[in-house]
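Scroll down for the structure; my scribbles are underneath it.
All figures in this text were calculated on a predicted structure; none of them were measured in a lab. Reminder, nothing fancy here: chain letters follow the sequence lines and each chain counts from 1.
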2 protein chains.
Amino acid sequence: MVHFKDKSAGYLVNHLARLLEQALAVAIRPLGLTPGQFPTLLALWARDGQTQAELVREVDVEQATMALTLKRMERDGLIRRERNPEDSRSRLIYLTPHAKALEDRALAQAAEVNARALADLDEHEAQQFLSLAIRLVETLRKAPD
Amino acid sequence: MVHFKDKSAGYLVNHLARLLEQALAVAIRPLGLTPGQFPTLLALWARDGQTQAELVREVDVEQATMALTLKRMERDGLIRRERNPEDSRSRLIYLTPHAKALEDRALAQAAEVNARALADLDEHEAQQFLSLAIRLVETLRKAPD
DNA sequence: GCATTTTGTATAGCATGCTGTTCAAGCTGC
DNA sequence: GCAGCTTGAACAGCATGCTATACAAAATGC
């Protein structure tokens, strides 16, 4: 019998997200990183010295979530904050040398987890899955409700 | 420029899962339900009177997670627990009449959220996405690490 | 030039997930 | 018939997400 859960995008995506997050957690634990830090690290590896508000827009989480993530990253020695000469409400967020040094190994672990998840799909199917996922994200980001 | 996040199954699925969970939260809030309760409700609507261990296997979350979810559901008047005559370590979990009465409306809301997420895809693409997602879930559930 | 609005952050409170630990009850083997 | 293993469940501690609130600094309007 086919259950609701095999026909529900929400159910499947939630389940898949938990499995992927777990796999990533295991893969990057030896580096002292956690899955929740990954999107912010990607943004900072791409461009160092951003404000919290910029990171919020790029990572698409709520400001309160980003504030807490940055607090943990600071605690863990991944970032430091310096005053922003342009706007004294905000501070600029910079990666520590330690966090910069982790980039290659962290990306390699993430790529390995992705490859493992997609292992059962051929090249075309994998690309298809990513394209469709992007379209769902875009659809939901635009939907006002 | 294409970012890592547009090529990473993990990044995309995490983002998509957050968007879908949020949309579902809004849609079922008027019913007094939360997204985390949904998988357990689906299992109990399909078969009432299961043990916690059975629900854990069906929903595929950790036992501690299920224990806490059930505690909140009990607090919210969605379930009650009765002693299991077969095994006094466990209790059988039953939906309250209130929770049973919510089934149709809750399923309708979930279906509406799924439809909205898939709105940009045609019939074939939507089916393709669900099939591929199922295969990723199965691959990761089998992977030992 | 000042009141109002907007923007940038922090914090509290809560839901949902995890690991680790503990404990009771059932099962197994000798 | 009991020691030891297995199974069912609860709870503590923590990460990651959300909403709601609060407040300071910047921008805007008149």
Side-chain angles (χ1 to χ4, degrees), chain A residues 10-11 13-29 32-41 50-57 59-76 78-79 81-93, chain B residues 10-11 13-29 32-41 50-57 59-76 78-79 81-93:
Chain A
Y11 198 110
V13 169
N14 172 270
H15 195 172
L16 189 48
R18 286 189 285 115
L19 292 167
L20 281 164
E21 178 168 352
Q22 267 313 104
L24 184 63
V26 170
I28 61 180
R29 188 166 301 141
L33 301 177
T34 59
Q37 300 169 342
F38 222 95
T40 303
L41 284 169
Q50 301 191 57
T51 66
Q52 184 183 122
E54 288 171 326
L55 291 171
V56 161
R57 284 188 281 273
V59 173
D60 196 27
V61 291
E62 290 301 314
Q63 175 268 322
T65 299
M66 182 55 72
L68 197 50
T69 297
L70 291 174
K71 188 185 248 192
R72 279 189 293 259
M73 290 175 75
E74 194 166 35
R75 176 202 65 189
D76 296 349
L78 295 169
I79 57 164
R81 315 196 211 201
E82 294 186 6
R83 46 172 260 91
N84 183 353
E86 320 249 302
D87 187 335
S88 64
R89 290 170 302 182
S90 66
R91 279 176 299 166
L92 299 178
I93 295 153
Chain B
Y11 197 109
V13 168
N14 171 269
H15 195 173
L16 189 48
R18 286 189 285 116
L19 291 167
L20 281 163
E21 178 169 352
Q22 267 312 106
L24 183 63
V26 170
I28 62 179
R29 186 166 303 142
L33 301 177
T34 59
Q37 300 169 342
F38 222 95
T40 303
L41 284 169
Q50 302 190 57
T51 65
Q52 183 182 123
E54 288 171 326
L55 291 171
V56 162
R57 284 186 282 273
V59 174
D60 196 27
V61 290
E62 290 301 314
Q63 174 268 324
T65 299
M66 181 56 72
L68 198 49
T69 297
L70 291 174
K71 188 187 247 191
R72 278 189 293 259
M73 291 174 75
E74 193 166 36
R75 176 202 65 189
D76 296 348
L78 296 169
I79 58 163
R81 314 195 211 203
E82 293 187 5
R83 47 171 262 89
N84 183 352
E86 319 249 300
D87 187 336
S88 63
R89 290 171 302 179
S90 66
R91 280 178 297 165
L92 298 178
I93 294 154

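Protein atom CD of B/Glu21 is 7 Å distant from nucleotide atom C1' of C/dT16, rounded to whole Å. Rounded to a whole Å, the CD atom of A/Gln22 is 11 Å from the C1' atom of D/dA15. The nearest whole Å value for the distance from the CG atom in B/Leu70 to the P atom in D/dA10 is 8 Å. To the nearest angstrom, C1' of C/dT9 lies 14 Å from CD of A/Glu54.
The side chain of B/Arg81 places an N or O atom within less than 4.0 Å of a non-bridging phosphate oxygen (OP1 or OP2) of D/dA10. Between B/Arg91 and the phosphate of C/dA25, there is no side-chain N or O to OP1/OP2 separation shorter than 4.0 Å. OP1 or OP2 of C/dT16 has at least one side-chain nitrogen or oxygen of B/Thr34 nearer than 4.0 Å. Distances shown here put a side-chain N or O of B/Ser88 below 4.0 Å from the OP1 or OP2 atom of C/dG26. Note on B/Lys71: every side-chain N or O is 4.0 Å or more away from OP1 and OP2 of D/dA9. When the side-chain nitrogen and oxygen atoms of B/Gln63 are compared with OP1 and OP2 of D/dT7, none of them lie within a distance under 4.0 Å. The phosphate of C/dT9 has OP1 or OP2 within less than 4.0 Å of a side-chain N or O from A/Ser90.
Using a 4.0 Å heavy-atom criterion, one finds that A/Arg72 contacts the bases of the nucleic acid, with or without backbone contacts as well. Within 4.0 Å of A/Arg29, counting heavy atoms only, lies no atom of the nucleic acid at all. Looking at heavy-atom distances under 4.0 Å, A/Ala25 makes no contact with the nucleic acid at all. Across all strands, A/Thr65 comes closer than 4.0 Å to base atoms (heavy-atom distances). Contacts of A/Ala67 with the nucleic acid, taken as non-hydrogen atoms under 4.0 Å apart, include base atoms. As judged by a 4.0 angstrom heavy-atom cut-off over every strand, B/Val56 is placed among residues making no nucleic acid contact.
Between the side chain of A/Gln22 and the backbone N or O of A/Leu19, no donor-acceptor pair lies under 3.5 Å.
Contact detail for A/Ser90 and A/Asn84: the closest heavy-atom pair is OG-ND2, 3.1 Å. Between A/Asn14 and B/Ala17 the shortest heavy-atom distance is CA-CB, 4.5 Å.
Each of A/Gln50, A/Gln52, A/Met73 was compared with A/Thr40 under the side-chain contact (heavy atoms from CB on, under 4.5 Å) criterion, and only A/Met73 meets it.
Nearest nucleotide to the side chain of A/Ala64, out of C/dT11, D/dG8, D/dA25: C/dT11.
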Worked check of salt bridge (Lys or Arg N to Asp or Glu O under 4.0 Å) between A/Arg91 and A/Glu82: CA-CA 5 Å; A/Arg91 279 176 299 166; A/Glu82 294 186 6; over 6 Å; no
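For D/dT7, the base has a donor-acceptor partner in the side chain of B/Arg89 [N/O atoms by modelled type, under 3.5 angstrom].
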